[in-house]
Structures are given as structure tokens and as C-alpha cells.
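Owing to the predicted nature of the structure, the values given are computational and were not obtained by experimental measurement. Note on naming: letters A, B, ... go to the chains in the order of the sequence lines (proteins, then strands), and numbering restarts at 1 for each one.
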2 protein chains.
Amino acid sequence: MTDPGAPALLRNLASWQTGRVATLGTRFTAARMPLEARSDFAVLAALEEYGDLSQAELGRRLGLDRNNVNGIVTRLEEHGHLERRTDPVDRRRNIVAVTEAGSRHLHDLNERALAVQDELLAALDPGEREQLRALLSKVLDSHPAQPAS
Amino acid sequence: MTDPGAPALLRNLASWQTGRVATLGTRFTAARMPLEARSDFAVLAALEEYGDLSQAELGRRLGLDRNNVNGIVTRLEEHGHLERRTDPVDRRRNIVAVTEAGSRHLHDLNERALAVQDELLAALDPGEREQLRALLSKVLDSHPAQPAS
DNA sequence: GCACCAATGTTGGTCCGACCAACGTACTCC
DNA sequence: GGAGTACGTTGGTCGGACCAACATTGGTGC
């Protein structure tokens with residue numbers, strides 16, 4: 001206990017703690033994949049779980065705003081991981097659909113993400129990891145998932 | 001439960017969850033103080049708890065790298081919240097010390113930060129908040145607090 | 001005493017993610 | 001048909017985590 005880590009005032013702030021943990025996460029992530037791959041992962045995961053979505057819907061479900069969704073989708077499209085086609089019933093919307101390659105990419109990214117998880121949560125046993133997951137979920141569920149706009 | 005919130009793959013990633021919670025924290029913070037005030041708060045809190053420190057030490061304890069510490073300290077100095085003086089025993093170092101005004105500023109920021117806390121963790125009862133605090137602390141303690149460099 | 005290496009503070013720059021503002025297009029509702 | 005709204009897109013700001021390089025200063029081996 002010679003190193004108290006961080007000042008008590010900060011240790012009591014969940015916003016500070018989560019921020020630091022998230023930073024550690026991005027640091028570990030950087031070792032295993034390009035950083036931007038995290039957004040790609042989120043978008044691909046949402047599409048695989050919910051089926052095809054419009055860009056705006058994607059943003060709402062993931063808490064990303066539409067500007068950023070645009071960039072991510074464009075990048076994924078360029079790499080052949082998904083396809084954009086305009087919704088026939090509402091021609092404002094772009095329906096976004098994962099391709100075969102995108103699906104493979106998603107599963108590859110998932111494996112790397114799980115490795116990051118293990119590294120990040122190395123100090124917690126399975127029960128504690130589940131507790132943490134549940135508590136964070138509870139916090140997230142209590143706030144709208146939407147972006148700031 | 002018509003809105004599952006986020007895809008399962010993401011809900012299982014602590015790095016994603018903490019990232020989202022941290023984002024909510026910054027969003028709530030923005031409503032109560034300038035965003036940059038968070039770094040100021042961290043630095044002031046460290047100085048108040050540990051006593052005067054060099055900039056490099058500050059960075060190590062808080063997990064900030066020295067470039068950023070420089071900027072924060074400069075800003076706080078310009079506002080009269082702390083003082084820089086070169087360490088007489090090692091003239092490479094700047095000893096950083098909080099001023100009276102800085103101390104008042106710290107306590108003001110702390111109150112706002114606690115309000116953000118309450119808003120962020122509204123869904124958790126006191127016991128759950130303590131659990132969350134403890135789990136995040138455990139994770140943070142298991143990793144060196146130092147910046148990436 | 002001198003040469004080398006390490007640490008500190010500083011400057012200047014990159015990158016990513018969360019934002020905001022504005023625009024043209026397309027839909028809805030009345 | 002017109003007003004208001006949603007969508008996608010472009011172009012920008014800002015904070016924070018990084019990296020590279022430099023001058024100054026300390027420490028160490030010799």
C-alpha cells in the first residue's frame with residue numbers, strides 16, 4: 001500500500017474511474033487492432049443482432065451520432081464489409097446490410113476484443129466480472145442510449 | 001424490454017460499457033462546468049492529497065503523460081490556482097503547489113463532480129454504488145497507473 | 001574531471017471520438 | 001400544396017491520449 005494509486009476524491013468518482021478503465025481498454029485494444037476497428041465492431045455487431053438498419057437507427061441504438069455513423073459505414077463499405085442501399089419505401093434512408101466478409105470480420109474482431117477483456121479484467125474472478133457487467137448495464141439502461149443531439 | 005439497448009456482443013465488453021458510461025459522464029459534466037475542468041480537478045486533488053509534487057510525478061500518479069500535465073499546470077497557473085517553482089535540490093523539476101484560490105476551486109469542482117455522480121448513478125442504490133466503486137478500483141489497481149510512454 | 005545515459009519540462013504535432021452547424025433531399029401531415 | 005421534420009452528407013471544433021524532438025540538468029562509470 002505504498003502507492004495509494006489515485007487521490008481519494010477521484011476514486012470516488014465513477015466518471016473518473018470509468019474513464020481511466022476505458023483508456024486502459026483503448027490502450028490494450030491498440031495492441032491488437034487498429035483503433036477505429038472498435039467503431040466498426042459496434043456497427044457490425046448491431047447489424048448482426050438486429051438485422052439491417054438505417055444509419056440513423058444505428059446511431060440511436062449505439063449512441064453514436066449520425067455524422068460519425070456515416071464515416072464508419074463509408075469505411076466499412078469501402079472494405080466490402082457491408083452494403084448500403086436506399087430503402088425503397090423511404091428513399092431518404094440508407095439500409096445498411098452486412099456482407100459475408102463483414103460477418104467474418106466481426107467474428108475476428110470479437111475474438112480480439114475478448115482478449116482485450118481478459119487483459120483488462122485480469123484482476124476480477126468470473127463472479128466479479130459478471131457483477132461489473134450487470135452494474136454497468138444497469139447504469140446504461142437508466143439513460144437513453146441516444147447520442148447527445 | 002422492447003429496447004434491448006445495445007447488442008449482446010457489446011454488452012459483454014467492459015471496455016465498451018465503461019467507454020459509454022464515461023461518455024455519459026462527460027456529457028453530464030459539460031452541463032455543469034467547462035470540460036477541461038476535469039483535468040484541473042484531478043491535478044488539484046492529487047496535490048491536495050499528496051502535497052506538492054513535480055509535474056512528472058503528477059503524471060505518473062494520475063496516468064497523464066507529461067505533455068498534457070504541462071498544459072494543465074500552465075492553465076491552472078494562469079488562473080492563480082497553483083504555483084510552479086523549480087526544485088532547489090533538482091533544478092530539472094518544477095515543484096507544483098496549490099494556492100488558496102486553487103483549494104477553493106478544488107472544492108467547488110468537487111461539488112459539481114458529485115452532482116454529476118448522482119445523475120450518472122441514479123439507477124444504483126448506495127450499496128450498488130459502493131460495489132461498482134470497489135470493482136473499478138480493483139481493476140485500476142491491477143494495472144500500473146502510469147501513462148503509456 | 002569527463003563522457004555517457006536518464007530524467008525533466010517544453011514545444012509541436014497526430015489521431016480518435018464526441019460534438020455542432022448547415023445543406024439538399026425526401027417524407028408526413030394538414 | 002406548404003410547413004415542419006427526418007435523413008444523409010460535408011465540414012468543422014474540442015478534449016484527451018498519444019508520439020517525436022530538443023535543451024537543461026543529474027547521476028554513473030571510468
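For B:N67, the side-chain contact (heavy atoms from CB on, under 4.5 Å) partners are B:D65, not counting sequence neighbours.
Other residues, nucleotides and ligands contribute over 12 non-hydrogen atoms within 6.0 Å of the CD atom of A:E119.
As judged by a 4.0 angstrom heavy-atom cut-off over every strand, B:N94 is placed among residues touching the sugar-phosphate backbone only. At the heavy-atom level, A:S54 lies under 4.0 Å from the strands shown only through sugar-phosphate atoms.
Between A:I95 atom CD1 and D:dA6 atom P there is a gap of 18 Å when expressed in whole angstrom units. Atom C1' of nucleotide C:dA7 and atom CG of B:L58 are separated by 16 Å, given to the nearest angstrom. Rounded to an integer number of Å, the gap from CZ of B:F28 to P of C:dA18 is 15 Å. Rounded to whole angstrom, the span from the CG atom of B:D40 across to the C1' atom of D:dG16 amounts to 13 Å. For the pair B:L53 CG and C:dT8 P, the interatomic distance rounds to 12 Å; values are reported in whole Å. We find that CG of B:L35 is positioned 6 Å from P of D:dG16, with the value rounded to whole Å. Remark: P of D:dC18 and CD of A:E36 are 17 Å apart, rounded to the nearest angstrom. If you take CD1 of A:I72 and P of C:dC15, they are 18 Å apart, rounded to a whole angstrom.
Look at B:Q55 and you'll find a side-chain N or O under 4.0 angstrom from OP1 or OP2 of C:dT10. The side chain of A:R38 places no N or O atom within less than 4.0 Å of a non-bridging phosphate oxygen (OP1 or OP2) of C:dC16. Within the structure, every side-chain polar atom (N or O) of A:R75 is placed at least 4.0 Å from both OP1 and OP2 of C:dC16. OP1 or OP2 of D:dG8 has not a single side-chain nitrogen or oxygen of A:N70 nearer than 4.0 Å. Listed pair B:S39 / D:dG16 meets the phosphate criterion, a side-chain N or O lying under 4.0 Å from OP1 or OP2.
Not a single donor-acceptor pair, N or O on each side, falls under 3.5 Å between the base of C:dA26 and the side chain of A:R91. No hydrogens or angles were tested; on distance alone, a donor-acceptor pair under 3.5 Å links the side chain of B:R66 to the base of C:dG9. Side chain B:N67 to base D:dA20: a donor-acceptor pair is found below 3.5 Å.
Judged by closest nucleotide on DNA chain C, A:G63 is the one of A:D90 and A:G63 placed further toward the 5' end. Taking for each of A:R20 and A:R84 the nucleotide of DNA chain D with the nearest heavy atom, the 5'-most of the two is the partner of A:R84. In this structure, A:G19 and A:V73 both approach DNA chain D, and ranking their closest nucleotides by distance from the 5' end singles out A:V73. Nearest-nucleotide mapping onto DNA chain C: of A:D65 and A:R92, the residue sitting toward the 5' end is A:D65.
Grouping Ile, Leu, Val, Met, Phe, Trp and Tyr by side-chain contacts under 4.5 Å, direct or through others, puts A:V21 with A:L24, A:F28, A:V116, A:L120, A:L121, A:L124, A:L132, A:L135, A:L136, A:V139, A:L140, B:V21, B:L24, B:F28, B:V116, B:L120, B:L121, B:L124, B:L132, B:L135, B:L136, B:V139, B:L140. Residue B:L35 shares its hydrophobic cluster (ILVMFWY side chains chained together at separations under 4.5 Å) with no other residue.
Residue pairs meeting the side chain to side chain donor-acceptor pair (under 3.5 Å) criterion with at least one member in residues 95-104 of chain B, sequence neighbours excluded, are B:E48-B:S103. Applying the side chain to side chain donor-acceptor pair (under 3.5 Å) test to residues at least two apart or on different chains, the pairs with a partner in residues 108-117 of chain A are A:D108-A:R112, A:Q117-B:S15.
For the helix from C:dG1-D:dC30 to C:dC30-D:dG1, the terminal axes (five pairs an end, C1' atoms, rotation from four pairs onto the next four) enclose an angle of 30°, given to 10 degrees.
When A:Q55, A:E77, A:R85 are each tested for a side chain to side chain donor-acceptor pair (under 3.5 Å) with A:N94, only one passes: A:Q55.
Between A:E130 and A:R133 there is a salt bridge, since at least one side-chain N of the basic residue sits less than 4.0 Å from a carboxylate O of the acidic one.
The side chain of B:R93 lies closest to C:dG9 when the candidates are C:dG9, C:dA18, D:dG8.
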